[in-house]
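So the structure is just underneath, and the comments pick up after that.
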Amino acid sequence: IQYGSPVFPFQTAVISDSDNLNLSRAKITANILSGARDIDEPDTVILPATPNGLAVGQSASIDGTNIDIEVIGLAPISVYVNYVRGIGFQNSEERPFKLLTNNRDITIWVFDAEVASANSLFALIGVVAVNDPPILQFDPTADPEDLPAPDALSHVTVFHEDGPPVSVAPNTTTLRDVDSANMSQLYCRLEGVVDGMYENLTWLQIPGLMVIVDRGDDWITVMISGTAPIAMYHRLFLSFMYHHRENEPTLGNRYFYCNITDTEGDTSETVTITIVVQGVNDGIDVVLGVPEMRVVFTEGRQAGVYVIPAPHRIVGDDPEGHRIQKVVFELR
């Protein structure tokens, strides 16, 4: 079950007692995962309406992984049969927790006025993935069955001026999909491309995949499409490189966004990579505190004049944050 209707595993249940027409109690134990994480719509045990004359009590474990339910009251066997057949399970979350390895189960015992039933009813409930999106993230230690944490969707890469191309994504990137072995599309967008054609992206060329590249005033988009194994798309994403060929690039951040779509049309969350362009051995930018200044020296004065009188000043800024060691003035 996933994004489906509730399941009722006990619809064909039969209860018989050779020497009693009535039952006094039923006990239902459900091992579920409703408390495993903070989710809006966890595993839910569906109970039918309580028949007249019966009382229902419920208790849950501290960690929320199991629920015990008791139905108490003397009533005909047929009443208990109808109640048991109406017990169901539902999880309407987009991606139920522990989808791959954790089945849920519900066990039911019934009691007559004398002794417990000779056996119990047991239902094993498997939660099967349906149209789950791929998961692209940068945390290799994350639980492969859980959704990525927000900090696993962002990364920072540094490019040094005059340096070689740098890998956009880290080698720790993982790509997985619980119900699709193939991917169909990779879409990337680089924003903040302020130096035009000096800035470029390169990537692995894979035969059989179609590539569409577009450029704007300050952005580049790359869309690569075609059916290929998930490992191939993972390799493709890791192959993206960023390069800036200008000797004095505009320093600051560029932003690389990417998502991947599987063959069912489901798209991963978009990851964000900040590419920091840093300078190397750049000169100091010196700015006079006013656009233009004129200083007058009067003939015959014994004292000199300040070239830059107060409150004006010269502002020096080094883009790499280095300390200024020397200032030289030249009189022409």
Inset, instruction - Report, as yes or no, whether the 6.0 Å neighbourhood of atom CZ on Arg235 holds more than 12 heavy atoms from other residues, nucleotides or ligands. - result: no

Legend entry - More than 12 heavy atoms of other groups within 6.0 Å of Phe122 CZ: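 Correct, the count exceeds 12.
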
Nearest 0.5 Å please: distance from the [atom1] atom of [X] over to the [atom2] atom of [Y].
X      : Y      : atom1 : atom2 : result
Asp214 : Met223 : CG    : CE    : 10.0 Å
Tyr242 : Ile275 : OH    : CD1   : 6.5 Å
Leu74  : Asn22  : CG    : CG    : 4.5 Å
Asn31  : Asp105 : CG    : CG    : 4.5 Å
Glu269 : Gln137 : CD    : CD    : 9.5 Å
Thr272 : Phe138 : OG1   : CZ    : 8.0 Å

[X] side chain near [Y] side chain, heavy-atom distance below 4.5 Å:
X      : Y      : result
Arg25  : Glu70  : yes
Pro134 : Arg176 : no
Asn182 : Ile230 : no
Ile67  : Gln58  : yes
Ile15  : Leu23  : yes
Ile260 : Leu175 : yes
Trp219 : Leu190 : no
Ile106 : Ile28  : yes

Shared hydrophobic cluster, [X] / [Y] (ILVMFWY, side-chain heavy atoms < 4.5 Å):
X      : Y      : answer
Leu47  : Tyr80  : yes
Ile69  : Val7   : yes
Leu136 : Met241 : no
Leu209 : Val222 : yes
Leu204 : Leu201 : yes

Where [X] and [Y] come nearest, the two heavy atoms and their spacing:
X      : Y      : answer
Ala13  : Leu121 : CB-CD1, 3.8 Å
Pro207 : Gln205 : CD-O, 3.8 Å
His234 : Thr173 : NE2-O, 2.7 Å
Asp262 : Pro133 : OD2-CA, 4.3 Å
Glu199 : His244 : CG-CD2, 3.1 Å
Ala152 : Asp139 : CB-CB, 3.7 Å

Legend entry - Pair Phe8-Phe89, ring pair (Phe, Tyr, Trp, His ring centres under 6.0 Å): steps then yes or no: CA-CA 7 Å; Phe8 297 91; Phe89 172 86; over 10 Å; no

Legend entry - Geometric class of the Phe240/Trp203 ring pair [parallel <30°, tilted 30-60°, perpendicular >60°]: parallel

Inset, instruction - Show your working on side-chain contact (heavy atoms from CB on, under 4.5 Å) between Glu248 and Asp162 and close with a plain yes or no. - result: CA-CA 8 Å; Glu248 294 188 4; Asp162 297 331; over 6 Å; no

Legend entry - Donor-acceptor under 3.5 Å (Ser24 side chain, Asp112 main chain): yes

Legend entry - Any donor-acceptor N/O pair, Asp151 side chain to Ser154 backbone, under 3.5 Å: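 Not a single qualifying donor-acceptor pair exists.
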
Under 3.5 Å, is there a donor on one side chain and an acceptor on the other for [X] and [Y]?
X      : Y      : result
Thr250 : Asp195 : yes
Asn259 : Thr270 : yes
Thr274 : Asn253 : no
Gln185 : Tyr233 : no

Inset, instruction - Please say whether the positively charged group of Arg189, taken as NZ for Lys or CZ for Arg, lies over the ring of Tyr257, i.e. under 6.0 angstrom from the six-membered ring centre and within 45 degrees of the axis. - result: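 No, Arg189 does not lie over the aromatic ring of Tyr257.
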
Inset, instruction - Would you check, one step at a time, whether the test side-chain contact (heavy atoms from CB on, under 4.5 Å) holds for Phe256 with Val271? - result: CA-CA 8 Å; Phe256 180 87; Val271 296; 5.9 Å; no

Legend entry - NZ/NE/NH1/NH2 to OD/OE distance under 4.0 Å, Glu191 and Arg254: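 No, Glu191 and Arg254 are not salt-bridged.
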
Inset, instruction - Kindly determine whether Leu236 and Ile224 satisfy side-chain contact (heavy atoms from CB on, under 4.5 Å), including the steps that lead there. - result: CA-CA 9 Å; Leu236 177 62; Ile224 303 174; 3.8 Å; yes

Inset, instruction - Check the pair Met232 / Ile206 against side-chain contact (heavy atoms from CB on, under 4.5 Å), numbers first and verdict last. - result: CA-CA 9 Å; Met232 185 67 73; Ile206 299 178; 3.4 Å; yes

